[in-house]
There are 2 protein chains.
Amino acid sequence: MGRNSDAKQRIIDSAAELFHSRSYANVGVQEICEKANVKKGSFYHFFPSKRDLTLAVIDHIWLYYNREGPVAKAFGKDVPPLKRIERFFLGSCEFQAQLQKEKGKVCGCHFGNLASEISSQDEVIRKKLDEIFSAQADVIENTLVEAVAVGDLREIDTKAAANAILAFMQGIILMAKTRNDARLMRKMAKAGIDMIYQSG
Amino acid sequence: MGRNSDAKQRIIDSAAELFHSRSYANVGVQEICEKANVKKGSFYHFFPSKRDLTLAVIDHIWLYYNREGPVAKAFGKDVPPLKRIERFFLGSCEFQAQLQKEKGKVCGCHFGNLASEISSQDEVIRKKLDEIFSAQADVIENTLVEAVAVGDLREIDTKAAANAILAFMQGIILMAKTRNDARLMRKMAKAGIDMIYQSG
DNA sequence: GTTGACTTTGACCAACCAGTCAACTATAGT
DNA sequence: ACTATAGTTGACTGGTTGGTCAAAGTCAAC
């Protein structure tokens with residue numbers, strides 16, 4: 001029925017990249033359209049508002065994270081549980097370092113950036129990001145539970161620890177972004193990983 | 001010479017509060033002026049630009065942090081070094097919980113919020129925040145060095161550990177903000193503190 | 001009491017913002 | 001080939017943005 005196009009996806013991809021390298025408020029609908037090679041009228045044909053676009057962007061990135069991105073890459077069961085968490089950190093360091101090379105600056109976490117900027121203003125977006133962080137924490141917790149079962153980790157409050165590990169991840173990314181130095185992130189990550197092993 | 005007023009300080013205070021509870025881009029000069037009970041012309045008499053105001057806001061908050069705020073409160077030498085770090089975390093949890101009560105939402109860290117939003121767009125502000133984080137890490141590192149000297153902590157890379165601890169702090173604040181739950185922050189903080197003691 | 005530095009005011013600007021809309025076009029299913 | 005449906009276009013809106021300015025007002029120092 002009717003014609004079809006990939007304009008919607010182009011808009012999502014463009015917005016994702018622009019939001020990531022700058023911020024939500026500093027990127028206008030106009031600019032997103034230009035990058036996506038789409039007229040503003042088309043934008044509002046696909047999305048009722050900038051907020052709805054943002055929701056779609058978040059969904060899309062989260063899907064990528066799980067299918068082929070950092071989560072998929074790190075948490076494969078081909079290595080022991082704690083090694084997966086280590087891989088999660090190291091992979092993220094790699095990702096930020098890569099972006100620093102390409103764009104000349106550390107861009108931070110897609111989710112963390114949006115969370116910091118918007119979650120105090122838009123409850124719908126906040127909840128979506130809340131869910132994603134919860135899901136991410138669940139993945140980590142399951143890994144910790146496995147580590148306890150295998151005997152690589154003493155019995156701890158895995159839920160709190162998983163949340164703390166995720167927080168640490170967000171923290172080192174934010175610090176790397178502010179210092180504009182991805183190498184520092186690696187050092188902090190290693191210090192954190194050491195601590196996890198230490199408490200094992 | 002000429003008349004004097006506290007308008008400049010009123011502007012700084014208003015901006016600090018508005019930026020904290022929303023965001024840099026979402027708060028206009030207009031709104032800041034209204035809150036400060038000042039006309040826009042006066043604003044631009046005191047500050048050449050919104051950015052310069054922001055720089056002044058950051059300076060002012062950082063001064064507060066060190067004179068009577070969280071840094072001053074936590075790092076007094078009346079308790080052993082590791083206890084000071086514990087107090088730093090617990091105090092920050094308290095602060096976020098207080099704000100959640102007052103404003104109905106977890107507002108996050110003054111510096112962390114600005115860092116996440118602006119450091120990828122404005123190099124001057126980024127550098128200022130970079131310096132503040134460095135200074136904060138230095139305070140923590142000195143405390144860790146002291147802990148090692150006293151024998152409360154085994155010999156580690158104190159610089160990396162200090163940065164990691166600061167990152168963890170920023171991370172748990174960001175998570176608390178996104179989940180809009182200051183209690184969760186307390187749980188994560190305790191999990192983190194446990195780990196620090198564990199590695200001691 | 002006059003001077004001169006400092007503060008206040010309100011009107012003003014161009015640029016940009018998110019969002020609207022009616023007309024137009026291309027196409028997939030019939 | 002027809003038609004319903006989906007995609008495209010560009011002109012438009014009302015409101016807001018950061019920032020400017022000339023003029024008026026106020027006070028401390030001399």
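A, B, ... follow the sequence lines: proteins, then strands. Residue 1 opens every chain.
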| task | Measure the distance from NZ on A/K39 to P on C/dA18 and round it to the nearest whole Å. | result | 18 Å
| query | Under 4.0 Å between a side-chain N/O of A/H45 and OP1 or OP2 of D/dG7, yes or no? | reply | yes
| Taking C-beta and beyond as the side chain, do B/N113 and B/Y24 meet within less than 4.5 Å on heavy atoms? | no
| message | Does B/F43 reach a base, just sugar-phosphate, or nothing at all? Heavy atoms under 4.0 Å. | response | nothing
| Is it true that a side-chain atom of A/K105 and a backbone atom of A/N180 form a donor plus acceptor pair closer than 3.5 Å? | no
| Watson-Crick and G-U pairing of DNA chain D written in dot-bracket, each distance under 3.5 angstrom, with | for inter-strand partners | |.||||||||||||||||||||||||||||
| field | Pair A/S134-B/R179, side-chain hydrogen bond (donor to acceptor under 3.5 Å, both in side chains): steps then yes or no | value | CA-CA 9 Å; A/S134 291; B/R179 317 287 272 261; 3.0 Å; yes
| request: Mind telling me whether B/F168 and B/F89 have parallel, tilted or perpendicular rings, with 30° and 60° as the class edges? | output: tilted
| request: Consider only side-chain N and O atoms of A/Q9 and A/D13, and report whether a donor and an acceptor are under 3.5 Å apart. | output: yes
| Nearest-nucleotide pick for B/K50, side chain only, options being C/dT8, D/dG19, D/dT8 | D/dG19
| field | Under 4.0 Å protein heavy-atom contacts per nucleotide of nucleotides 20-30 of chain C, with B for base, S for backbone only and - for none | value | BB---BBBSS-
| query | Rounded to whole angstroms, how far apart are CG on A/L53 and C1' on C/dC17? | reply | 15 Å
| query | Does atom NZ of A/K127 have more than 12 heavy-atom neighbours, drawn from other residues, nucleotides or ligands, at distances under 6.0 Å? | reply | no
| task | Go through the steps for A/W62 and A/K128 under the test side-chain contact (heavy atoms from CB on, under 4.5 Å), then give the verdict. | result | CA-CA 11 Å; A/W62 180 227; A/K128 168 135 271 169; over 6 Å; no
| request: Evaluate the ring planes of B/F133 and B/F111, with Trp represented by its six-membered ring, and classify them as parallel (under 30°), tilted (30 to 60°) or perpendicular (over 60°). | output: perpendicular
| When you look at A/V139 and A/F88, which way does the side-chain contact (heavy atoms from CB on, under 4.5 Å) test go after all the steps? | CA-CA 11 Å; A/V139 173; A/F88 186 46; over 6 Å; no
| query | CD of B/Q121 versus P of D/dG18: gap in Å, rounded? | reply | 13 Å
| field | Nearest-angstrom distance from the residue atom CZ of B/F46 to P of D/dT20 | value | 16 Å
| query | Are the side chains of B/I12 and B/L53 in touch, meaning some heavy atoms are under 4.5 Å apart? | reply | yes
| Among residues 8-34 of chain A, which residues get a heavy atom nearer than 4.0 Å to DNA chain D? | none
| Does A/S5 put a side-chain nitrogen or oxygen below 4.0 Å from OP1 or OP2 of D/dA6? | no
| said: Has B/K187 got a side-chain atom pairing as donor or acceptor with A/K159's backbone, closer than 3.5 angstrom? | reply: no
